[in-house]
Structure formats: C-alpha cells, structure tokens
Number of protein chains: 2
Amino acid sequence: MNPRGEGRGSRGRGGAAGFEPTQGAATIYAVAQRAGVSTATVSRALGGSSKVADRTREAVLTAARELNYVPDGAARALAGRRTHALGLVLPHIDGPYYAALLVGFEMAASELGLSVVISLAGPETDPQRAVRTLASNVDGIAFMARSAVEDALIEELAARRPVVTAARGRLPGRDALYAENPRAAADLTAHLLEAGKRRVGFVGRPEPDSDIGARYQGYLAALAGAEVEAGPLFAVDPVEEAGEDVVRELLAAGLDVDALVCGNDQLALAVMRALQDGGVDVPGQVAVVGWDDVHAARFVRPGLTTVAQPVEELGALAARRLAALVDGGAPVEEPVVLDSQIVHRSSCGCAHPGTGEELPSPEREESR
Amino acid sequence: MNPRGEGRGSRGRGGAAGFEPTQGAATIYAVAQRAGVSTATVSRALGGSSKVADRTREAVLTAARELNYVPDGAARALAGRRTHALGLVLPHIDGPYYAALLVGFEMAASELGLSVVISLAGPETDPQRAVRTLASNVDGIAFMARSAVEDALIEELAARRPVVTAARGRLPGRDALYAENPRAAADLTAHLLEAGKRRVGFVGRPEPDSDIGARYQGYLAALAGAEVEAGPLFAVDPVEEAGEDVVRELLAAGLDVDALVCGNDQLALAVMRALQDGGVDVPGQVAVVGWDDVHAARFVRPGLTTVAQPVEELGALAARRLAALVDGGAPVEEPVVLDSQIVHRSSCGCAHPGTGEELPSPEREESR
DNA sequence: CCGAGGGGTGCAACCGCTTACATGTGCCTG
DNA sequence: CAGGCACATGTAAGCGGTTGCACCCCTCGG
C-alpha cells in the first residue's frame, strides 16, 4: 500500500515564495508505478546490482528513461548514508596550480560518479564554519596545499569523515600525496652548477614541512654534494613584490650571485624581470629557475627553466584515494609521492637550450 | 513521544564495509534533548527566525554549541526542499579566466551560506548525465562560458531549476551576465589607429553570439567609424598553435598588417612570440593586443596591451543572481553587462607606454 | 469572572529514497 | 508428496531534518 495515493500528497504550499521546488520531477514512485513494480525494486534495479530479474530490470530502466528520472540527491544521501560527493578545500585559488589540482580532482571524481563540493578556505572567510558545514555535506574531504585550515581542525573532522591531504604538510596517519621536491631541487641545482654557476642563491621562505622547504633542502644537498658553498638565502613570501625586493637588494649589494633558485615561478618571473630591468643579463650574468611551470614561463624571454609537477594527476589521485577511503579502504601508511620533472628552457643558461616548447606541460597531456 | 527512545534506534549494521558513517555526529534529537525542548523548537531556534522565546533560543544555541552540532545536509535538503547548494558548470578549466570565475562564484555563494558543486563539462565527459545529476543536487545552476552543454539541455533544466548563464551566449528569458565586449573592442582598435596603425587585422573566429564575435563587431565598428578599411580576418580557434599558424601565413604573404587584434591573450601571446621569432619588431612593425589580461601578459616583452574583464565579479554576480532566483526572485529581463577595461602596456605601440604594472588586474582587488 | 486573543511549543506527518526482513513462487530432494 | 531452498519481489521502517496545525497558558477586555 503506497503511502501516497495517486497524486503526490503535497502539503499544498501556495505562497508566492520561491521557485517551485523540484517541480514535476519524477520520483521513484512514479517509476515504480509505470514499471509495475515496487519502489524497492526500482531502487535495486537502478543502483544496487542486487538480484533483479533481467526482465524486471529492463522494465524499470525503460520506465526511468521515459520519465527522465534522476533520483533526488538529498533523499538518496539521507537514506543511503552516502552523499556521493567529495569535498575539496583549497586556498584562495590563483594561478594555474590550484586550477589544475581542481581539474584533476573533479575529473577523477566524476569518473567515479561522485560530485565535488569546493570550499575556498582563504584567510578572509571563516574556515571553521565553512569546513564544518562542508563536512556535513560530503563523504570525505581533501585538503589541498596550504589552505588556511589548522591541523587540529582537520584532525577533528578526520574522526568522522575520511580525509586526505595533498601538496600539504602531512598529518600522521592520514593519507597524503605530493609531488617530489628535494630530488628535483637537487637536480635543478646541479644543473646550474654544470652550467658553470658557482654562486647560487635561493629565493623563498623555506618553512619546515612545506613545498618550498623541501626544495630548499634539495638545493642545499646538491650544493653540499658538489662541495660548493651555498649562496645567500632570501627568505621572502612567494609573491611578486617580494621578488622585486630581492633584486633591489641584490643590485644594491653588487650582485654577488650568478644564479637564483626560486621557490616558485611567480617569484622567478618577478626576479627575472627585475633583473632585466636592472640591466642584468639573464642567464648570462644570473641564471634564474623556478617551480610550477606556469603558463607565463613559456612566453618570457629567455624561457624560464622550471619544474613541472604532475598537478592534475595529483588532484586525480587525491580524489581516487578519498573515494577508496569512503568505500572502507584502509589508509595508506606511506605518502604517495609523484615525480616532478624539470622543464629545460633558457633561463638556466645551460648548453642545450631547446625552447621547451616541444615539451608541453605534462599535466596538459590528459587534457585532450 | 520521541520516535527513537534514548539511544538512536540504529539498525545495527555490523558489516566490515565503509567508513563508519556520520559516526557519532550529534543529531537534532540530541540537541533537543539536551536543551529540554522538541526538535521543532531546535530547528526553529537555529534556522527560521520564527517565534522562539529568547530564553529558549539561548538554551538551544548553547546545547548545539556544546554538542558541536551541524545539521546534516542531506536531511536538511530533503525536508526543506532546498539543498543550499549552487551548481557551477564550467568548460574544462585552464587559464586564469575560469579560475577567477570560480573564485568569485564561490566567495559570493559562501557569503550567502550556500555551497557550490562544480561540474566540468568538457567534451570528453558526458555532459548530459553530469549536468542532470548536478541538477538533482543543487538549487540552481550557473552555466559559464562555452561549456559543452547544449542550449536545449539548459532549457530543459531551466524548467525545474533556476538557471543563469555568464560569459555565454544568452538564452532568451534566462538571466545572463557578461563583460562588455564591443565597446572595449572599439576603443582598443581606435587606440591602435591613434598610434598610427592603418592595416589592422583580427585573429580569432568571430562566432555569432560569442565573446570573440562581439569583439570582432566592435573592431569592425571602430574601423568603419574611422573610415579605415578592415584588415584581414584570421578565423582560427583561440589556441596557441593557431596563433603560430597565422603568423607563418602572414610572414609568407609578406606581412601586410601593422597591427593585430587578437580574440584572447593566448592567441595574442602566441602571435607576438611567433612574430618576434620571425624577426618582426613588436610593436614597431606590428602591434599586438589581446583579451583577458592573463598573468603572462605582464611578463612578456613588450608587455601585452589587453582588456581586463571583471571576471571575479562576474562570477560573484552570477552566484548572487542565482541565489535571488532560488529565493523566488523574478528573472531580470536585461542581461547584466559589466565594464571591461583596457590595460595599456607596450605591445600596442602607443605613445604613453606605462608598463601597466601599476594597474593590477581589477579582479585582484577584492582578493585581498 | 469568563471568553477572546496570541505568542511559544510540541506533535506528527512528511521529504524521496534505501534496505532489512517477510513473503511468495517454483523447483529440487528425500 | 511434503519440506527445503534459492531467488525475486514487496512491505515498511527508518534516514535527520522542517513545518502546518493543534494546544496550552497567560494576558486582557468586557
């Protein structure tokens, strides 16, 4: 005995307010009726691969198609205790880096039939509230990069929902993913030395446990390995103005470096431009390298040698890992580390130039 | 008589499967009990500003805080017929343009207490399915730019959910928002003429009703107004390689232009670089201008003169408009058009250079 | 002193699904 | 031929909120 008779037992709300909600959308009852089965059978036929006779399934599918039926997300989530949505927490997006992370995440999630709810945890918004709300709307949450969310909050949420972190200081016991840093940094630094540079400085604040910190370590290691004394460290924020400041300082001090490893491309581009504006030849007098392979890196002269990270893949992996956790998978003890790749252009001053144009950013590959 | 006794009447599911769902999360029942009131009162105290005595409200808020209560999204959505989420359909993101759109949208939504569910409607995924699913998970949907979603599908969804479009061919009767194009294009073209250019070509496929189409119209209008004959039109896709092809063709044909208006910066940057690689002086021999003010535009030499659109604001407006529709607002007959702004750098070859550095992209402004 | 008026609460019926458990049916076995 | 079993389906109890309506109690006015 169907709880509602023929017509849906709507509590006739006649107010002038609101877009008529879920207007006319077919419900599972409609499908059941049309297919001549119970709602339970419809649910099973459409979703769970449980035992449903082929004939029946067919009938249900047909009815569903004819009615253009799409199950209501909220109802499904409530009854099934699964929202089929993944949360993604990012810092305030800018630059291609986060965009790529997002793209990878979304595509992987969508392949798994999951939707993604994003939350920009900038310092200006209240991350506490936003993230807590997010938690009650998704099955699991990925925290990306240095989003302004404290570890304690993540831990709190982790108690009730699966959680992964990506490109972010890892939390003990939680799944973590990031791109390889120290080795690429070492290679890059060594590359500079091979090109004859001897006074190699570092630009960027190497906070412990951060990407830039790891890069700094690699840089140091390469220098130590080659028994070359480390150049000056400019521990500045990874923003453009900071890059300009560094160059000003450098110029004033008589330019005692012949190469600069920058924590990211934003810094590298700013540094390079400021140097050039100051009449310094790049890479002749000072080589400059960075990280991220931003779009602009291919357009500046000389082309910026930089490190491309498989960002999109990182995002995709995060989504897949999260989905696995939601499905009851066990956390992976070891963090997943993806290989970075140096993109040789000309700003490093090495022998084999190669504009780098023939090397599209790796993350582009799966875009087509 | 509470439907569940003391302990929550869980249907003891003991399987090994899945992360224990909503483990221990406080429910409205718990809050009600702790505050010594009914769940109806809790609901009203927390949400609806309906009549609740101050003392009672206080008690409820306290209890809620103590239990760290956050209402379950699914239940709230189901009962309230409001998901409190907005859907955002974007084409496959790349470049800062979509990222900015997204950021604006998300920030505005979050200010309104709404979450945002994104869907990347790239050609590779099945937009039909994805978007239909999205529709059953949100209160309204914003379609941004040329996402691979057909107008018919949008119309179908618009019948059951509020819909807005942004930076996209507008649909009759639906709310639409975009940045001003023809006038900025005309101004830009006029600017080129002022700089003494006389043979001004256009690069980009001017499809009717598209951004680039509108820009082309403005370009044409300016030329006509100045009684200057229009230069060649290179109707190519807005991608890098196309820009290179154009230049190759141009070079082969003896370079019969002294300025090129490009449909977007990607094209402009590619064109400019190819020209320079071909030994052409920019802007001396050929001036180049574009659209979007991408990050790289500030770093290339000469700095790219381009048009900055208030993209983040566009996104924010879309979110707010959508929210208004969801709340029962009437669609706005006239599309909302935001002003674009020309960013003068050096690639246009005009008198007053100004590197443009002192003019941060307008969309950055509200980021801080 | 009694009835009307009204603000504050509680009751309970949903919202549209999922799913444990009951039921029914047909076939195989003892 | 009865009992057992396996499979396909139906029944109905929730999932955790929201909200129309009834009710209670207190304040006033007549």
Side-chain angles (χ1 to χ4, degrees), chain A residues 1-5 8-15 17-18 21-22 25-33 35-57 59-60 64 69-84 136-137, chain B residues 1-5 8-15 17-18 21-22 25-33 35-57 59-60 64 69-84 136-137:
Chain A
M1 203 165 295
N2 192 310
R4 53 208 85 188
R8 325 221 339 272
S10 152
R11 264 175 280 163
R13 47 177 66 212
T22 61
T27 70
I28 198 174
Y29 292 97
V31 177
Q33 189 172 51
V37 298
S38 74
T39 62
T41 299
V42 173
S43 179
R44 288 191 277 252
L46 294 179
S49 51
S50 326
K51 293 98 190 334
V52 176
D54 286 349
R55 285 180 51 82
T56 312
R57 179 189 311 277
V60 169
Y69 171 70
V70 180
D72 179 86
R76 199 156 82 109
L78 183 54
R81 282 103 171 290
R82 268 284 206 297
T83 64
H84 301 275
S136 84
N137 279 296
Chain B
M1 202 168 294
N2 193 308
R4 52 209 87 187
R8 325 222 338 272
S10 151
R11 265 176 278 161
R13 45 177 70 212
T22 61
T27 70
I28 198 174
Y29 292 96
V31 177
Q33 190 173 51
V37 298
S38 73
T39 63
T41 300
V42 173
S43 180
R44 289 192 274 253
L46 294 180
S49 51
S50 327
K51 294 97 193 336
V52 176
D54 286 350
R55 284 182 50 82
T56 312
R57 180 189 311 278
V60 170
Y69 171 70
V70 180
D72 179 85
R76 198 155 84 109
L78 182 54
R81 283 104 169 290
R82 269 280 207 299
T83 63
H84 300 277
S136 84
N137 279 296

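The structure displayed is predicted, hence computed values, not measured ones. In the text below, chain A, chain B and the rest are named by the order of the sequence lines, each starting its count at 1.
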To the nearest angstrom, the NE2-P distance between B/His84 and D/dG16 comes to 18 Å
Practice task
Look at the side chain of A/Arg44 and the base of D/dG10, then say whether one donor and one acceptor between them are separated by less than 3.5 Å.
Solution key: yes
Here the distance between atom C1' of D/dC15 and atom CG of A/Leu78, to the nearest Å, is 4 Å
A/Pro71 backbone acceptor or donor facing B/Ser136 side chain under 3.5 Å:
yes
Taken to the nearest whole Å, CZ/B/Arg82 to P/D/dT19 is 9 Å
Out of D/dG17, C/dT18, D/dG16, minimum distance to the side chain of A/Arg76 belongs to C/dT18
Looking only at C/dC17, C/dA12, D/dA12, the nucleotide nearest the B/Ala40 side chain is C/dA12
Of the candidates D/dG10, C/dT18, C/dC15, the side chain of B/Ala79 sits closest to C/dC15
key: Phosphate OP1/OP2 of C/dC17: any A/Tyr69 side-chain N/O under 4.0 Å   = yes
Which of C/dT9, D/dT19, D/dC15 is nearest the side chain of B/Ser43? It is D/dT19
Side-chain atoms of B/Lys51 come closest, of D/dG10, C/dG8, C/dC17, to C/dG8
When rounded to whole Å, the CZ to C1' distance for the pair A/Arg81 and D/dG14 reads 9 Å
B/Asn137 CG to C/dC17 C1', in whole Å, measures 13 Å
Exercise. With a 4.5 Å limit on heavy-atom distance, are the side chains of A/Val37 and A/Val42 in contact?
Worked result: yes
On DNA chain C, more 5' by nearest nucleotide between B/Ser38 and A/Pro71 is B/Ser38
Result for 5'-nearest mapping on DNA chain D, choosing between B/Val70 and A/Thr56, is A/Thr56
For this session: Respond yes when some side-chain nitrogen or oxygen of B/Thr41 is under 4.0 Å from OP1 or OP2 of C/dG10, and no when none is.
Result: yes
Checking D/dT18, D/dG17, D/dC15 against the side chain of B/Thr39 (C-beta onward), the nearest is D/dT18
* Asked: Which part of the nucleic acid, if any, lies within contact of B/Ala53, taking any heavy atom under 4.0 Å across all strands shown: a base, the sugar-phosphate backbone alone, or nothing?
  -> sugar-phosphate
Checking all strands, does B/Val42 fall into the base, sugar-phosphate, or nothing category for heavy-atom contacts under 4.0 angstrom?
nothing
Judged by atom type as modelled, is there a donor-acceptor pair below 3.5 Å linking the side chain of B/Thr39 to the main-chain atoms of B/Tyr29? no
